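FYI, side chains are in, hydrogens and waters are out, and symmetry mates aren't considered; it's all heavy atoms of this structure. Only a predicted model underlies this, so the values are computations on that prediction, with no experimental measurement involved.
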Amino acid sequence: MNYLETLEKLPVDIIANFRKTGRTSAISPDLQQYIREISSALEISRYEFSVTRAAEKLMLRYPDLSLSTAKSRYYDAINFFHVDNNVSNEAWDDRYADWFDDFASICVRAKKFETGYKAKTKAHNIRTSKEARLKPEDFQAPVFIVSPKMKPDDFGFEKKVCIKLLLNIRMEDIVK
């Protein structure tokens, strides 16, 4: 069993208390170090979008980690602490578009106008595609009112076609 599986089995109160105080006797020292590492990885993930750069920053905090282990800690932090899974796609699109707007501003200040224009265009495309996206509430299920008084003719079926369908169904039943 790896650290993440062990961590997921622990009560949330113990983990939260350890993250707040930094001390506990309920968690082994190895797992305590793992929690510290993924907590740091979570902090880094808030402002660093590149996995490799985030892993390198994590290695600066914890020099004993290799690059592959640091990347693994980064992914574990995202999987364990990521409570944003219930956030709507629209909210993620807004966040991503805001990031492109910020990037465009930085590019303009650095006199990289072409890159800034591309970033601003990308932000605009994200926002307009969000508006054009179909939403589940846009659809309504059709309402069918069926009663024993209704006949197939009321639904648009011709009598000849209905008789042929009935004969085909009966013939298939007989063959089986």
Side-chain angles (χ1 to χ4, degrees), residues 1-140:
M1 184 181 315
N2 64 21
Y3 287 129
L4 185 59
E5 292 172 355
T6 306
L7 189 61
E8 288 174 343
K9 291 183 179 181
L10 287 175
V12 176
D13 297 341
I14 292 175
I15 298 168
N17 186 36
F18 172 71
R19 288 187 72 215
K20 185 183 277 185
T21 63
R23 287 177 265 169
T24 184
S25 59
I27 300 174
S28 69
D30 290 344
L31 194 56
Q32 289 180 17
Q33 181 62 24
Y34 174 78
I35 294 170
R36 285 186 198 100
E37 290 168 0
I38 65 172
S39 294
S40 294
L42 179 67
E43 290 173 23
I44 294 169
S45 75
R46 299 287 185 219
Y47 61 88
E48 187 60 65
F49 296 106
S50 167
V51 176
T52 304
R53 284 192 299 249
E56 289 169 352
K57 288 183 181 181
L58 189 61
M59 288 170 56
L60 291 175
R61 291 186 188 183
Y62 300 99
D64 295 341
L65 293 178
S66 66
L67 182 62
S68 62
T69 305
K71 284 182 178 181
S72 174
R73 296 294 189 263
Y74 181 83
Y75 289 128
D76 287 351
I78 297 298
N79 286 328
F80 185 74
F81 294 113
H82 203 5
V83 292
D84 296 333
N85 287 337
N86 57 359
V87 175
S88 68
N89 287 338
E90 290 82 13
W92 281 114
D93 286 345
D94 285 339
R95 183 170 186 229
Y96 197 54
D98 291 343
W99 183 82
F100 270 112
D101 282 336
D102 293 343
F103 182 68
S105 299
I106 292 168
C107 290
V108 168
R109 277 189 240 126
K111 299 192 185 319
K112 305 275 184 177
F113 299 112
E114 187 175 333
T115 307
Y117 174 75
K118 288 178 182 177
K120 205 60 152 164
T121 303
K122 183 71 174 171
H124 173 73
N125 290 342
I126 290 170
R127 287 195 172 99
T128 55
S129 69
K130 181 181 77 163
E131 295 300 321
R133 188 179 299 141
L134 295 175
K135 299 177 184 101
E137 58 268 10
D138 293 341
F139 296 99
Q140 289 184 339

Report task. Look only at the side chain of Q32 and the backbone of I27, and say whether a donor-acceptor pair between them is shorter than 3.5 Å. Result -> yes
Query raised in the report: Are K9 and E5 close enough for a salt bridge, meaning some N to O gap below 4.0 Å?
Result: no
Requested in this report: Answer yes or no: is there a side-chain heavy-atom contact under 4.5 Å between D64 and Q33?
Outcome: no
Query - T6 side chain reached by Y3 side chain, heavy atoms, under 4.5 Å - result: no
Query raised in the report: Under 3.5 Å, is there a donor-acceptor pair between the side chain of T121 and the main chain of Y117?
Result: yes
Report task. Kindly compute the distance separating NZ (K57) from OG (S40), expressed to the nearest 0.5 Å. Result -> 13.0 Å
Query raised in the report: For the atom pair CG (L10) and CD1 (I35), what is the distance rounded to the nearest 0.5 Å?
Result: 6.5 Å
**Report entry** Side-chain touch Y62/R36, heavy atoms, less than 4.5 angstrom
**Finding:** yes
**Report entry** Closest non-hydrogen atom pair, A70 against L58
**Finding:** O-CD2, 3.7 Å
Query - Ring-ring centroid check F100 Y96, cutoff 6.0 Å - result: yes
Query raised in the report: Are any non-hydrogen side-chain atoms of W99 and I126 less than 4.5 angstrom apart?
Result: no
Requested in this report: Would you check if K71 and L67 make a side-chain contact, meaning some heavy-atom pair closer than 4.5 Å?
Outcome: yes
Report summary line: Rounding to 0.5 Å, atoms CZ (R61) and CD (E43) come to a distance of 5.0 Å
Query raised in the report: Do K120 and V108 touch side chain to side chain, with heavy atoms closer than 4.5 Å?
Result: no
Report summary line: Rounded to the nearest 0.5 angstrom, the OH-CD distance for Y74 and E56 is 12.5 Å
Query raised in the report: Taking side chain as C-beta onward, heavy atoms only, is I38 less than 4.5 Å from L7?
Result: yes
**Report entry** Backbone of L65 reached by a side-chain donor or acceptor of T69 within 3.5 Å
**Finding:** no
Report summary line: Smallest heavy-atom separation, L42 atom then A77 atom, equals N-CB, 3.9 Å
Query - Taking every non-hydrogen atom, the tightest pair across Y34 and R73 - result: CD1-NE, 3.4 Å
Report task. Return the set of residues passing salt bridge (charged side-chain N to carboxylate O under 4.0 Å, His left out) with R19 (not counting sequence neighbours), or none when no residue passes. Result -> none
**Report entry** Heavy-atom pair with the smallest gap, counting every atom of A97 and R127
**Finding:** CB-CZ, 3.6 Å
